[in-house]
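Here is the structure we will look at, set down as structure tokens.
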Amino acid sequence: MWTDPQITEMRAALLAWYDQQGRTLPWRVRPEDRAQGLSPNPYAVWLSEIMLQQTTIPHGTPYWFKFLELYPTVQDLAAAPLDDVLTHWAGLGYYARARNLHKCAILVTEAYGGEFPETKSELLKLPGVGDYTASTIAAICFNEPTSIVDGNVERVISRLHRVEAPLPKAKAIIRKLAATLADPERPGDYGQAVMDVGATVCTPRTPACETCPWAHWCQAHRVGDMTDFPKKSPKKERPVRHGHAFVLVRDGAVWLRRRDEAGLLGGMMEVPTSAWADDMPPLEWPVSADWIRSATDVRHVFTHFELRLSVHTAQIADPLDLEGRWVDIGDFENEALPSLFKKVLGKANLPQT
DNA sequence: GATCCGTGGTG
DNA sequence: TCACCAAGGAT
């Protein structure tokens, strides 16, 4: 553990590095602007933090711009139909985030007078806001002296101290170590600085220790085994499930239906499929028609299993007595359609439009 | 604490 | 190709 003078020195080194980087992210207020009294818009920061949960910045950023344009204020987001929110979220994954986002916007609008709460403990009460997000909003927007710990910080701290315990068990230890270092004077800048170090210097595969403001204090750097940290518990293997997808085409439109609110891809639209099973389910047509199987299957990797779907297409002439609705081919961007089903439609034998 | 929950980029 | 990874949260 460090002495107080050492901690002071480490904070200064990190913040000097951060101020010099001037890394600009669209939702961020630069240190010099913050010093002028500018503070970030909590709605915009909250939106970015929810979108960036388990999501890369390049992937999430376009969605952030789109949402701010469609919904400039939390009241606008609250007033939108959930289906619209899900539609614009399509492709980002982890769709419970979108449902909680909408629920949270309504709560902030109706119970908090349209203003986000200003403390971590109050922020934690919002749906979809956990320890990381609450800490980050409180620190960045309201200067609450709280410690921010995300995956980047875990990597930096575990290397700094050569934490032997594997994740996720080591989380408690890492939190404690991180909290010791966190700067109560500039909690927002400090937190973003550690995350930036993790994202751009202390990277998982090839850390650039030459440019690291903490290399002088880093135990893993001294030993030279940086990439052995953080240690991780062995992960379970991902099972493979199988199924059949049925693309029904009629008059330039495709049959889609809505998934159940709970569980996987909850509340999103889908192409009808058979059940997904460990063994290939029997092929049972939803309607009698001339079905054509596409040459290649769809392979889609979820967090905890892999899915392989055969794709079958049929053209029909008569309306159907099934639950769902027809959606024009080429109009899929206007649907809450997860990437999995966009892949399915991409492999189906659709008529040219 | 363990499990569930997406997707796309990368080495 | 494939395993790994990404500004986590809810149950």
Side-chain angles (χ1 to χ4, degrees), chain A residues 23 25-28 40 44-64 86 89-101 103-104 123-140 147-156 165-172 175 178 188 190-200 202-207 227 230 232-241 259-268 270 298-307 336-343:
Chain A
R23 187 175 186 229
L25 298 175
W27 46 87
R28 191 175 276 186
V45 171
W46 164 75
L47 190 58
S48 76
E49 294 303 337
I50 302 296
M51 286 182 166
L52 292 178
Q53 287 167 7
Q54 297 293 282
T55 304
T56 59
I57 288 175
H59 190 45
T61 300
Y63 287 82
W64 183 83
L86 292 177
W89 195 273
L92 258 190
Y94 286 135
Y95 297 99
R97 289 186 297 170
R99 286 179 265 124
N100 281 329
L101 186 85
K103 195 185 302 180
C104 182
L123 287 160
L124 273 173
K125 298 176 182 174
L126 302 176
V129 175
D131 190 272
Y132 161 77
T133 305
S135 294
T136 304
I137 297 173
I140 292 178
S147 170
I148 296 174
V149 179
D150 73 336
N152 287 308
V153 180
E154 286 178 349
R155 185 169 56 254
V156 172
L167 288 172
K169 214 170 98 179
K171 280 178 183 288
R175 275 176 203 290
Y190 172 89
Q192 290 174 95
V194 188
M195 290 193 284
D196 280 7
V197 166
T200 65
C202 195
T203 55
R205 318 244 186 166
T206 53
T227 53
K232 296 194 174 176
S233 303
K235 49 197 68 172
K236 294 170 54 175
E237 65 174 293
R238 196 172 359 235
V240 179
R241 294 182 190 165
R259 295 177 61 83
D260 193 86
E261 284 294 320
L264 188 77
L265 309 175
M268 305 296 285
E270 70 171 359
V298 164
R299 176 177 172 276
H300 192 78
V301 180
F302 291 100
T303 307
H304 54 293
F305 68 94
E306 175 183 331
L307 179 63
L337 200 61
S339 296
L340 163 62
F341 299 111
K342 289 183 177 170
K343 278 192 204 175

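Each chain gets a letter, A, B and so on, in the order the sequences are listed, and its residues count up from 1.
- Nucleic acid contact for T136(A): none, since no nucleic acid atom lies under 4.0 Å from a heavy atom of the residue.
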Between N or O atoms, less than 3.5 Å apart, protein on one side and nucleotides 8-10 of chain B on the other: list the pairs.
| unit_1 | atom_1 | unit_2 | atom_2 | d |
| --- | --- | --- | --- | --- |
| dG8(B) | OP1 | S339(A) | OG | 3.1 |

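- Among residues two or more places apart in sequence or in another chain, the side-chain hydrogen bond (donor to acceptor under 3.5 Å, both in side chains) test is passed with N100(A) by none.
- Distance check on atom P: dT11(C) versus dG6(B) gives 14 Å, rounded to whole Å.
- Summarising the geometry, the separation between CG on L307(A) and C1' on dT7(B) is reported as 14 Å, rounded to the nearest angstrom.
- Residue W27(A) has its side chain nearest to dA7(C) when only dC5(C), dG6(B), dA7(C) are considered.
- In this structure, I148(A) reaches neither bases nor backbone, as no heavy-atom distance under 4.0 Å exists between it and the strands shown.
- Among dG8(C), dC5(C), dG6(B), the nucleotide with an atom closest to any side-chain atom of L265(A) is dG6(B).
- For the pair L126(A) CG and dG8(C) C1', the computed distance is 15 Å after rounding to whole Å.
- Contacts of Y94(A) classified as side-chain hydrogen bond (donor to acceptor under 3.5 Å, both in side chains), with partners at least two apart in sequence or in another chain: T303(A).
- As rounded to the nearest Å, dC4(B) and dA7(C) have P atoms that lie 24 Å from one another.
- Rounded to whole Å, atom P of dG8(C) lies 13 Å from atom CG of L92(A).
- Among the heavy atoms of the strands, none lies under 4.0 Å from R299(A).
- Rounded to whole angstrom, the span from the NZ atom of K171(A) across to the P atom of dG9(C) amounts to 9 Å.
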